[in-house]
Amino acid sequence: MKPAHVAETILLRGVTAGLGAMPWRRAIGAGALLGSAIGALGLRGKVARENLARAFPERPVAEREALLAENYRELGRVAAEYPHMPGIVRSAEGEVVLPVQGLAHLEAAAALGRGVILMTGHFGNFELLGAWLTRWNPVDFVVKPLSNPGAETWLADIRARSGVGNISTGGGVKRVFQALRQKRWVAMLADQDARRHGVFVPYFGIPSSTPEGPARIALASGAPIVFGWVVRQGDGRHQLTIEPPLLSRGDPRDEAAVIALTAQHTALLEAAVRHAPQAWFWLHRRWKTAPPSAVAKEE
């Protein structure tokens, strides 16, 4: 590993060991303080403020600032929960995670016999969503490996001890289809800027470059897309919500079919973010890539 990666890994393991030694509730309290400190340092604050202004132009600046402050605190809480994840997954229902709302939607989708594509976004403790659902069916995460191999090893260990499988985005499409044929639930994220490799669908009314992979895989496999999201409640516990399945019909080579299905699951994400905007990852440059029509006008 590079010297910088070694230093980052040592710091990561040291901080998370301390958080992991605390009781869960105390750890998320410490995480909130850590998140506030990072917010005070202004980490990607400019990007987050621009995103919030685009998504909620009707809201007063003071309201958006309060939302961003809570967003930093929630990011800290989620980070603090990672070393607790294996224990949370094995905890009694209601202790940390409330009864799942809409679980019947997943069961109906699974009954189709083609596996399930479990969609979510960088929203709340999204990894807990997939890990908790292993209580009902094996779940694989499709993940992009971190650039720091030490941090990636640490995270992969957390996932493995939480009972989830791991499929790397690097050449893992064949494994995704294999998992679906085995009736596994494959968890994917598709809410970050996909640059020129994505399709443009509305997100907060803005044409947004969005990964097309989940839609193409769904259309090719016949597996339904089921959108789920998790929101922290006032007492620190999590509420998981499962939306009705999006049935995949059409040809994966049909661009219109891919765009339509991508727009559907993106609309579900937007609805979740509007419900609990403090939970989404506003620090990402979601609207970095302009649609082709906008680029043509500039030229």
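As a basis for the values below, the full set of heavy atoms in this structure was taken, side chains included, without hydrogen atoms, waters or symmetry mates.
- Using a distance-only test at 3.5 Å, with no hydrogens or angles considered, a donor-acceptor pair links the side chain of Arg175 to the main chain of Asn166.
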Inset, instruction - Run the numbers on Phe200 and Thr210 for side-chain contact (heavy atoms from CB on, under 4.5 Å), then give the verdict. - result: CA-CA 6 Å; Phe200 284 87; Thr210 305; over 6 Å; no

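- Contact annotation: the side chain of Leu103 approaches that of Glu107 to within less than 4.5 Å [non-hydrogen atoms, C-beta and beyond].
- Under the 4.5 Å side-chain heavy-atom criterion for grouping Ile, Leu, Val, Met, Phe, Trp and Tyr, Val164 is not connected to Val176 through any hydrophobic cluster.
- Residues Thr120 and Trp229 approach most closely at OG1-CA, 4.2 Å, considering heavy atoms.
- Residues Ile117 and Trp185 fail the side-chain proximity criterion, which asks for heavy atoms closer than 4.5 Å.
- Residues Pro214 and His265 approach most closely at CB-NE2, 4.5 Å, considering heavy atoms.
- Contact check for Ile217 versus Met188: side-chain heavy atoms found under the 4.5 Å cut-off.
- With sequence neighbours excluded, no residue forms a salt bridge (charged side-chain N to carboxylate O under 4.0 Å, His left out) with Arg195.
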Inset, instruction - Start with the C-alpha distance between Val186 and Val142, add both sets of side-chain angles, then the distance that settles side-chain contact (heavy atoms from CB on, under 4.5 Å), and finish with yes or no. - result: CA-CA 7 Å; Val186 180; Val142 178; 3.4 Å; yes

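- Annotation for Pro149 and Met1: closest pair CG-CG, 3.3 Å, computed over non-hydrogen atoms.
- Among Phe204, Phe56, Tyr203, the single residue meeting the ring-ring contact (aromatic ring centres under 6.0 Å, His included) criterion with Trp280 is Tyr203.
- The backbone N or O of Pro86 lies less than 3.5 Å from a partner atom in the side chain of Arg90, making a donor-acceptor pair.
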Inset, instruction - Could you walk me through whether Ser221 and Arg216 pass the side chain to side chain donor-acceptor pair (under 3.5 Å) test, one step at a time? - result: CA-CA 9 Å; Ser221 65; Arg216 289 198 187 277; over 6 Å; no

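- Atoms OG and NZ, from Ser208 and Lys288 in turn, are 14.5 Å apart once rounded to the nearest 0.5 Å.
- Atom CZ of Arg161 has more than 12 heavy atoms from other residues, nucleotides or ligands within 6.0 Å.
- Shown here are the side-chain hydrogen bond (donor to acceptor under 3.5 Å, both in side chains) partners of Arg274, two or more places apart in sequence or in another chain: Glu270.
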Legend entry - Criterion side-chain contact (heavy atoms from CB on, under 4.5 Å) on Phe281 and Asn51, from CA distance to verdict: CA-CA 10 Å; Phe281 189 64; Asn51 285 341; over 6 Å; no

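- Note that CG of Leu269 and CD of Gln264 are 14.0 Å apart. Values are rounded to the nearest 0.5 Å.
- With hydrogens and angles ignored, the 3.5 Å screen pairs no side-chain donor or acceptor of Thr153 with any backbone N or O of Ala151.
- Counting only heavy atoms from C-beta outward, the side chains of Val47 and Leu283 never approach each other to under 4.5 Å.
- The closest side-chain heavy-atom distance from Trp287 to Pro207 is not below 4.5 Å.
- Taking OG1 of Thr266 as the reference point, atom CE of Met119 lies at 7.0 Å (rounded to 0.5 Å).
- Within the 4.5 Å cutoff, no side-chain heavy atoms of Ile158 are placed close to those of Thr16.
- To the nearest 0.5 Å, atoms CG (Leu67) and CD (Glu74) are separated by 11.5 Å.
- A donor-acceptor distance shorter than 3.5 angstrom exists from the side chain of Tyr72 to the backbone of Leu43, with no hydrogens or angles considered.
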Inset, instruction - Could you walk me through whether Arg49 and Glu65 pass salt bridge (charged side-chain N to carboxylate O under 4.0 Å, His left out), step by step? - result: CA-CA 8 Å; Arg49 288 181 175 89; Glu65 285 296 314; 2.6 Å; yes

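- What you find for Gly222 and Arg114 is that their closest heavy atoms are O-CD, 3.2 Å.
- Every salt bridge (charged side-chain N to carboxylate O under 4.0 Å, His left out) that Asp140 has, sequence neighbours left out, goes to Arg184.
- When side chains are defined from C-beta on, Glu93 counts as touching Pro99, because their heavy atoms get closer than 4.5 Å.
- The side-chain hydrogen bond (donor to acceptor under 3.5 Å, both in side chains) test with Asn125 is passed by exactly one of Glu81, His238, Arg77: Glu81.
- Shown are Gln101, His105, His275; of these, the side-chain contact (heavy atoms from CB on, under 4.5 Å) with Thr241 is made only by Gln101.
- In plain terms, the two heavy atoms of Ala80 and Leu19 that are nearest each other are CA-CD1, 3.9 Å.
- Taken from CD in Glu127 to CG in Leu189, the straight-line distance is 8.0 Å, to the nearest 0.5 Å.
- With a 4.5 Å cut-off on side-chain heavy atoms, Val143 and Ile167 do not count as touching.
- Arg59 contributes no side-chain N or O that, together with a main-chain N or O of Glu63, makes up a donor-acceptor pair within less than 3.5 Å.
- Contact record, Pro57 with Arg54: CD-O, 3.4 Å, taken as the closest heavy-atom pair.
- For Ser248 (side chain) and Ala223 (main-chain N/O), a donor-acceptor pair under 3.5 Å exists by modelled atom type.
- The distance from atom CG of Leu155 to atom CZ of Phe141, rounded to the nearest 0.5 Å, is 9.5 Å.
- Under the 3.5 Å distance criterion, the side-chain polar atoms of His284 are matched with a main-chain donor or acceptor of Asp193.
- Looking only at distances, no side-chain donor or acceptor of Arg237 sits under 3.5 Å from a matching main-chain atom of Glu95.
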